[in-house]
Engineer: 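A single structure is presented below for examination.
Since we're looking at a predicted model, the values are computed, not measured. We use all heavy atoms of the structure for the numbers below, so side chains are in, but hydrogens, waters and symmetry mates are not. Here, residue 1 is the first one in the sequence, and each next residue gets the next number.
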Amino acid sequence: IKTSTGKNGQGATPGAFLTMCLAVRDFFDATGRRVGIKAAGGLKTSGDAIRYYAIAREVLGEAWLTPEFFRLGASDLANSLLLAIENKEVFYY
């Protein structure tokens, strides 16, 4: 499931993403079927990326933290992360 495209309005919010993670976890608990989740729109900084990663990790666990089941969609975010890597920034979550 995906938060939004971010093309119309606010896009992803941490609160909405948390609610979606809880729904994904409940669906898995009820069916045994693992589905993916994607936060899109509104993610612009490395801090945003860490925030959404931490939510997914806390609610869904390590099994979801793969490209198949967890994705962040934001073109602005890619540039921000590349700059952070080039500047050798250290990220904590």
Engineer: First locate atom CZ of Arg71, then atom NZ of Lys2, and finally report the distance between them rounded to the nearest 0.5 Å.
Structural biologist: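 Going from CZ on Arg71 over to NZ on Lys2, the span is 8.0 Å.
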
Engineer: Rounded at 0.5 Å granularity, tell me how far CD in Glu58 sits from CZ in Arg25.
Structural biologist: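 Glu58 CD to Arg25 CZ: 9.5 Å, rounded to 0.5 Å.
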
Engineer: Within 45 degrees of the ring normal and closer than 6.0 Å to the centroid, is that where the cationic atom of Arg57 sits relative to Trp64?
Structural biologist: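 The answer is no; the distance or angle limit is not met.
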
Engineer: Would you call Thr66 and Phe69 a side-chain contact if the rule is heavy atoms closer than 4.5 Å?
Structural biologist: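 Side-chain contact under 4.5 Å: yes.
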
Engineer: Rounded to the nearest 0.5 Å, what separates atom CG in Leu72 from atom CD1 in Ile50?
Structural biologist: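 Answer for the CG-CD1 pair, Leu72 versus Ile50, is 11.0 Å.
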
Engineer: Hey, does Phe28 have a side-chain heavy atom less than 4.5 Å from the side chain of Leu60?
Structural biologist: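 Sidechains of Phe28 and Leu60: no contact.
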
Engineer: I'd like to check Phe27 versus Arg33 (side-chain heavy atoms, cut-off strictly below 4.5 Å). Are they in contact?
Structural biologist: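 Side chain of Phe27 against side chain of Arg33, heavy atoms only: contact under 4.5 Å found.
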
Engineer: Please give me the minimum heavy-atom distance between Ile55 and Cys21, naming the atom from each residue.
Structural biologist: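 Closest approach of Ile55 to Cys21, heavy atoms only: CG2-SG, 4.2 Å.
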
Engineer: Show the nearest heavy-atom pair for residues Tyr52 and Thr13, with the distance to one decimal.
Structural biologist: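 Here Tyr52 and Thr13 meet closest at OH-C, 3.1 Å.
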
Engineer: With heavy-atom distances below 4.5 Å as the criterion, would you say the side chains of Phe17 and Ile37 are in contact?
Structural biologist: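 A side-chain contact exists here, since the closest heavy-atom pair is under 4.5 Å.
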
